[in-house]
Asks: 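Have a look at this one.
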Amino acid sequence: MAENNFPKTYDHKSREAFWQKFWEREQIYKFDEKSKKPIYSVDTPPPYVSAEHLHLGHIMSYSQAEFVVRFKRMQGFSVFYPMGFDDNGLPTERYVEKKYNLDKSKIERAEFIKKCLLETKLGAQNYKKLWTSLGISCDWSKTYSTINPHCQKISQWSFLDLYKKGKLVRREEPIHWCPKCQTALAQADLEDKEEEGLISEIEFQIEGKPYFVATTRPELLAACVALFFHPKDSRYQHLKNKKAIVPIFNYEVPILSDLSVDKDFGTGLMMVCTWGDIEDIKKWKKYDLLHRPAITSKGTLSSLAKKYQGQNIQKARENILSDFKKIGKLKKQEKITHTLNIHERCGTPAEFVLTRQWFISLLENKEKFLARGRKLRWFPDHMRSRYNDWVKTLAWDWCISRQRYYGVPFPVWYCKKCQKAILPKEEEDLPVDPREEEPKIKKCPKCGSKEFVGEKDAMDTWMTSSMTPLIGARLVKNDKMQKKLYPATLRPQAFEIIRTWLFYTVVKSLYHHNSLPFFDVMISGHGLDEKGRKISKRLKNYIEPQKILSECGADAIRYWATGATLGENMRFSPEEIKKGKRLVVKIWNASRFCFLHLRNFTPAKNFTPKDFCDRWILDGLQKTIGAATKFFENYEYSKARRIIEDFFWHDFCDRYLEFVKYRLYTDSSRAVILKPRFIGAEESPGFQASQNLDSAKNTLYLVLLTILKLYAPILPFITEEIYQLYFKKIEKVKSIHLTLWPKVDKGFFWPEKEKVEFSKVLAAADAIRKCKTEKGISLGKEIESFKVSDKKIKEKFGKFLQKSLRVKRII
RNA sequence: GGGCACUUAGUUCAGUGGGAGAACGUUCGCUUCACAUGCGAAAGGUCGUAGGUUCGAUCCCUACAGUGCCCACCA
């Protein structure tokens with residue numbers, strides 16, 4: 001090849017864009033539905049398309065999974081790598097509400113959904129652009145969005161199937177409720193938040209005498225249904241079965257005892273309300289207490305609260321306390337820090353509201369879920385304990401109905417007369433929207449009534465997301481292939497959604513197919529800013545990913561993403577990206593050098609290295625292949641990169657290329673570039689110059705090509721560029737990403753004895769360099785003499801040291 | 001309160017039952033003909049603390065401390 005085909009510098013900006021188009025045009029990453037190769041299928045995380053929060057953390061985690069996918073593709077697997085977008089449900093609604101400053105209760109459902117769909121579309125475009133720039137090698141003909149009919153159908157099928165299997169029930173019970181989003185929530189939708197609060201001791205009257213009760217939620221006073229004390233608390237024995245008068249509201253409540261009361265907390269006398277926490281609910285059930293809902297679903301006080309009616313929780317709390325002060329019934333107040341359950345999407349403290357919802361039963365199968373968790377292969381392994389912790393602490397079945405607009409509708413109608421649930425009979429009828437459509441049957445099978453009302457609620461977004469392995473597999477129409485794609489091979493995801501996405505998917509697969517949804521789980525950490533803080537919108541500490549991509553190039557950013565061990569959080573680091581850029585340049589330049597000497601060269605099919613130098617580097621190459629393969633197999637891309645880099649930069653560039661120069665530059669056919677200082681090198685002992693040169697060129701060819709392949713999963717652009725410039729015409733595969741992953745060739749192993757011997761030569765070479773450095777002499781300049789005390793080394797390698805390290809005489 | 005992870009050079013992190021390492025940064029030298037986005041070299045650490053096991057511990061065990069995360073919870 002002519003030098004002018006190989007420009008002096010590599011312009012990542014134009015070349016990356018070029019290869020993006022090339023890969024798309026040539027369908028390099030397209031899934032072959034007829035392939036006989038073993039399948040590697042990926043349950044790709046569908047990101048929320050409300051794309052404003054898109055940041056480097058996403059780049060990190062998607063890259064990390066993609067390193068492995070590319071590796072598997074080169075290993076000869078038929079890779080199924082679809083891409084989804086999660087665009088239904090509450091997150092999208094919240095995003096749209098905020099962006100357009102909307103109030104759900106003041107806008108038509110149809111109009112609201114229209115806006116959601118629009119945002120969804122914009123978001124998806126954004127993502128596609130970014131993933132393409134990053135070189136994510138998914139198959140863009142296999143995409144889904146969780147609001148599309150395909151996903152709706154599968155979600156609704158899931159509902160039907162669970163209903164038939166008795167895993168699904170609709171019941172009325174106190175459930176976590178977000179007053180802001182005005183919907184029921186599942187346990188997994190809640191987060192902890194520490195907050196400073198006041199604990200106040202307020203006065204109740206019992207038989208005309210004052211007794212004090214400590215509470216952090218005085219606004220629930222109108223919901224008080226009983227007082228409780230510990231059965232062994234001597235202070236209150238005499239109160240058993242008596243009545244207390246609730247202050248301000250002046251009504252009687254029973255006084256009971258229960259072991260769950262902590263004698264030492266507050267005054268030891270506890271007020272039970274409708275419902276401040278889970279303990280209240282337990283006692284409400286156990287003792288069949290009254291239901292006094294003092295808080296409405298909108299988070300304001302109800303008519304039970306009389307003069308406080310309509311006030312929001314915070315306001316009512318302040319007002320009641322100040323009234324207590326006025327009437328002198330507030331004994332003492334203390335500041336305490338306590339933890340609240342807040343809705344993770346909006347940060348509002350959750351309340352309990354008695355409503356009728358659909359639940360998927362979980363609590364009865366905890367042991368089975370744990371068993372499933374043990375069968376999964378976790379990378380890193382310790383992430384398993386997060387799953388276990390969550391399953392063990394589950395306290396609620398999964399509430400899947402949300403009182404929202406934008407989401408998959410429930411495929412269910414209710415008989416107006418007898419409330420019987422009517423479900424579509426056939427899967428083919430799905431998806432349906434009972435909010436818009438009538439059921440197929442004409443009269444209720446139970447009571448014969450002809451009037452029905454469609455379910456208005458939308459499904460929890462995880463109801464759809466938990467089906468992604470199946471959603472992905474069913475993008476392929478061929479039945480047989482579908483069975484190969486599901487369960488998936490790999491689920492890559494972030495650790496914070498183990499309790500939701502991962503857990504719910506395991507549940508679904510167990511209930512639907514009695515199988516695992518996938519075999520391997522790869523858990524990534526999140527991206528942190530330069531100071532180590534989590535990247536968040538609130539802190540405004542994120543950098544526009546597209547901007548960095550065009551400035552530094554995808555390869556450099558992907559290089560940064562290899563920096564963290566799997567599962568560890570990683571800081572954004574301009575330094576690491578710079579290193580990535582330098583590596584790209586280094587690969588470019590090393591390749592330029594090699595190609596300068598490989599013009600019109602045809603590599604031998606099988607060759608035996610003739611020179612110790614060649615044998616040394618080829619032996620090292622085998623070690624590197626072996627280790628890199630093992631690391632990638634275990635999802636340890638970070639270690640793989642390190643070992644490849646060590647070999648490439650230090651062994652290959654710093655040493656081998658220097659050692660081999662004197663042979664290359666004595667190529668008589670390349671007289672043009674003969675350098676005076678290398679003349680005479682053909683006298684190298686033991687071998688004919690031509691033979692020796694041939695060995696060098698074959699070695700260069702093989703080692704460089706192999707290094708490119710090893711780097712290809714991490715640096716897809718630069719490796720493709722170089723492959724296409726030179727190797728393609730010989731290797732005849734249309735992209736480096738379709739070539740086969742290198743295999744360890746034992747034929748290149750070097751006997752231990754020779755290795756030990758050569759390590760002495762390397763030490764001598766280091767010593768010569770050190771000597772020159774210390775004397776301030778350029779490494780290119782010849783020195784008079786250098787002493788090698790080992791006679792054997794001196795005899796065998798003296799000439800080599802003379803020529804490659806520029807020493808006049810080895811003594 | 002329970003659990004998990006982490007604690008090694010100025011920084012980011014590898015690592016192993018017997019020699020303490022890399023990269024970046026720092027300092028010094030080198031216009032070297034693939035690459036100054038480079039090459040060579042140097043300085044720099046009681047491997048969190050205290051015990052234990054062992055002939056020998058940075059590594060294994062125990063306790064403690066600090067950091068981060070997850071989970072539960074006092075009304």
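Since the model is a prediction, treat every value here as computed from it, not as a measurement. All chains are named by letter (A, B, ...) in the order of the sequence lines, taking the proteins before the strands, and each is independently numbered beginning at 1.
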Asks: Provide, to the nearest angstrom, the distance between the NZ atom belonging to A/Lys581 and the C1' atom belonging to B/A23.
Replies: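 In whole Å, B/A23 C1' lies 18 Å from A/Lys581 NZ.
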Asks: Under 30°, 30 to 60°, or over 60°: which ring-plane class applies to A/Phe727 and A/Tyr701, parallel, tilted or perpendicular?
Replies: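 The arrangement is perpendicular - the two ring planes meet at more than 60°.
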Asks: Between atom CZ in A/Arg571 and atom P in B/U12, what is the gap in whole Å?
Replies: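 Distance, rounded to whole Å: 6 Å.
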Asks: Looking only at the side chains, is there a donor atom on one of A/Tyr726 and A/Glu721 sitting less than 3.5 Å from an acceptor on the other?
Replies: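 Looking only at side-chain atoms, A/Glu721 and A/Tyr726 do not form any donor-acceptor pair under 3.5 Å.
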Asks: Sticking with atom C1', work out how far B/C59 lies from B/U16, rounded to a whole angstrom.
Replies: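 Nearest-Å result for B/C59 against B/U16 at atom C1': 7 Å.
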Asks: Between B/U7 and B/U12, how far is it from one P atom to the other, in whole Å?
Replies: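 About 12 Å, rounded to a whole number of Å.
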Asks: Do you see a donor-acceptor pair shorter than 3.5 Å between the side chains of A/Trp396 and A/His176?
Replies: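 Yes - a donor-acceptor pair under 3.5 Å links their side chains.
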Asks: How many Å lie between CD1 on A/Ile722 and P on B/C35, as a whole number?
Replies: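 Those two atoms, CD1 and P, are 15 Å apart.
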Asks: Check if the side chain of A/Thr339 and the base of B/C73 share a donor-acceptor pair of N or O atoms closer than 3.5 Å.
Replies: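 Looking at the base of B/C73, it does pair with a donor or acceptor on the side chain of A/Thr339 (distance under 3.5 Å).
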Asks: Closer than 4.0 Å, any side-chain N/O of A/His382 to the OP1 or OP2 of B/C70?
Replies: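 No, because none of the side-chain N or O atoms of A/His382 sits under 4.0 Å from OP1 or OP2 of B/C70.
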Asks: Taking 4.0 Å as the cut-off, does a side-chain nitrogen or oxygen of A/Thr565 come that near to OP1 or OP2 on B/A14?
Replies: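 Answer yes for this pair, as a side-chain N or O of A/Thr565 is under 4.0 Å from OP1 or OP2.
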Asks: Looking at A/Lys586 and B/C35, is any side-chain donor or acceptor paired with a base atom of the opposite kind under 3.5 Å?
Replies: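 Yes.
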Asks: Side chains of A/Ser385 and A/Asn388: do they bring a donor and an acceptor to under 3.5 Å?
Replies: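 A/Ser385 vs A/Asn388: no donor-acceptor pair found between side chains.
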Asks: Has A/Trp649 got a side-chain N or O lying under 4.0 Å from the OP1 or OP2 atom of B/C39?
Replies: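 Yes, A/Trp649 has a side-chain N/O under 4.0 Å of OP1/OP2 on B/C39.
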Asks: Can you see whether A/Tyr656 engages A/Asp614 through a side-chain donor-acceptor pair at a distance of less than 3.5 angstrom?
Replies: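 Side-chain D/A pair, A/Tyr656 to A/Asp614: present.
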Asks: Within this structure, what is the CG-to-P distance between A/Leu190 and B/A72, rounded to whole angstrom?
Replies: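 In whole Å, B/A72 P and A/Leu190 CG are 8 Å from each other.
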Asks: Is there a side-chain contact between A/Gln187 and the phosphate of B/C71, meaning an N or O under 4.0 Å from OP1 or OP2?
Replies: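 Checking B/C71 against A/Gln187, no side-chain N or O comes under 4.0 Å of OP1 or OP2.
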Asks: Expressed in angstrom and rounded to an integer, what is the separation of A/Glu196 atom CD from B/C74 atom P?
Replies: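 My rounded result for the distance is 17 Å.
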Asks: From the list B/C4, B/G38, B/C69, which nucleotide is the closest neighbour of the side chain of A/Arg386?
Replies: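 Closest nucleotide among those given: B/C69.
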Asks: Check the distance between B/C70's C1' and A/Phe495's CZ and give it to me in whole angstrom.
Replies: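 Those two atoms, CZ and C1', are 9 Å apart.
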Asks: Select one nucleotide: of B/C4, B/C13, B/A75, the one nearest the side-chain heavy atoms of A/Arg642.
Replies: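 Looking only at heavy atoms from C-beta outward on A/Arg642, the closest nucleotide is B/C13.
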